[in-house]
Amino acid sequence: MDKDEIETLKADAGDVFQIFDSCSPFGNNGSFNGELVKSCIHKIASRLLDEKDCNSLFDWMENNEFFSSPASSRFHGNVKGGLAAHSLMVVRQCFSFAVPLFENFLLAHKEGNWHFSATDIFLAAIAHDFCKAGFYSTEYRKTKNFEGNWVYEPYFKVKSGNRNLGHGNESVLVFLSVFPRYINNRPVLEAISRHMGFSDLSENESFNYSVFLENPLVILLQLADQTASQWFNL
């Protein structure tokens, strides 16, 4: 990143936040409007992607339960539509932190070959949990409600027979199926793959993990993901 690239990013981030303000998809303490979340994602994608990529993204989302899946079974966003809401909140957090983070990165004089556009940031953020789309089934358990009556309460459970190469790596594979031209964009792929930090690594992968932290997009996506789930309950 250089100063000119950061100035371009500032302008693009301003446009993204204008879209957020016009959509207002989020309420308080983790609440959201699913239709507004979907509309907001579509408007941001239309602003940052060309028509072909935008169509590819939404074709995949519509055909793979992206807008109806939860973000987890027990933790953040564990409701219908939680995955899309969480992913959009991560987009917002990425653009909230991107400019000051990259400006700080310049002070380290390690910018080297690290170059990121607003499109790269959006795609890394929106795709970081692609592996969760269609990953859960809805089950029911018998429990008592506030009146003391027995009712069947829905909950989410990982579908049996799911095959998964690891949270981040599985999302990379799905992302590349939607955007094959990103096959050589290692900074974006690294950010998606390593967005969970040390919690999603095998022993062999953790050996050289610090190398990935040289990539500022890895840091940005980790920060955005954690603040979305821990600060905003999404």
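Hydrogens, waters and symmetry mates play no part in the numbers below; they use all other heavy atoms, side chains included.
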Exercise. Could you walk me through whether Phe175 and Val188 pass the side chain to side chain contact (heavy atoms under 4.5 Å, CB included) test, one step at a time?
Key: CA-CA 10 Å; Phe175 173 74; Val188 171; 4.2 Å; yes
Exercise. Using modelled atom types only, decide if a donor and an acceptor are shared between the side chain of Ser193 and the backbone of Leu189 within a distance under 3.5 Å.
Key: no
Practice problem: Check the pair Asn33, Val37 against side chain to side chain contact (heavy atoms under 4.5 Å, CB included), reporting the backbone distance first and the verdict last. | Solution: CA-CA 6 Å; Asn33 181 304; Val37 165; 5.8 Å; no
Practice problem: Indicate yes or no for a side-chain donor-acceptor contact from Asn104 to the backbone of Pro100 under 3.5 Å, with no hydrogens or angles considered. | Solution: no
Quiz item: What do you reckon, are the aromatic ring centroids of Phe26 and Phe232 less than 6.0 Å apart?
Solution: no
Self-check item: Side-chain donor-acceptor contact under 3.5 Å, His86 with Asp225
Solution: yes
Quiz prompt | Ionic contact status for Arg194 with Glu190, cut-off 4.0 Å | solution = no
Self-check item: Working for side chain to side chain contact (heavy atoms under 4.5 Å, CB included), residues Phe122 and Leu57
Solution: CA-CA 12 Å; Phe122 168 71; Leu57 175 64; 4.2 Å; yes
Self-check item: Nearest heavy-atom neighbours spanning Leu221 and Ala124
Solution: CD2-O, 3.7 Å
Quiz prompt | Over all atoms of both residues, closest heavy-atom pair of Ser171 and Ile192 | solution = CB-CG2, 3.8 Å
Exercise. Verify the ring-centre separation between Trp60 and Phe130: is it less than 6.0 angstrom?
Key: yes
Quiz item: Can a salt bridge be assigned to the pair Glu5 and Lys10 using a cut-off of 4.0 Å between side-chain N and carboxylate O?
Solution: no
Exercise. Could you grab the distance from atom CG of Leu48 to atom CG of Asp12, nearest 0.5 Å is fine?
Key: 6.5 Å
Exercise. On the 0 to 90° scale, with breaks at 30° and 60°, tag the Tyr182-Phe179 ring pair as parallel, tilted or perpendicular.
Key: perpendicular
Quiz item: Do the side chain of Ser69 and the main chain of Glu65 share a donor and acceptor less than 3.5 angstrom apart?
Solution: yes
Quiz prompt | Considering all heavy atoms, the nearest Gly30-Leu234 contact | solution = O-CD2, 3.4 Å
Self-check item: Pair Ile121-Leu9, side chain to side chain contact (heavy atoms under 4.5 Å, CB included): steps then yes or no
Solution: CA-CA 10 Å; Ile121 293 169; Leu9 178 58; 3.8 Å; yes
Quiz item: Is there a donor-acceptor contact under 3.5 Å linking the side chains of Asp129 and Ser87?
Solution: no
Quiz item: Can you name the closest pair of heavy atoms from Glu62 and Phe67 and give their distance?
Solution: OE2-CE1, 4.2 Å
Quiz item: Would you call the rings of Phe97 and Trp231 parallel, tilted or perpendicular if under 30° counts as parallel and over 60° as perpendicular?
Solution: perpendicular
Exercise. Would you indicate whether Asp21, at its atom CG, is surrounded by more than 12 heavy atoms from other residues, nucleotides or ligands within a distance under 6.0 Å?
Key: yes
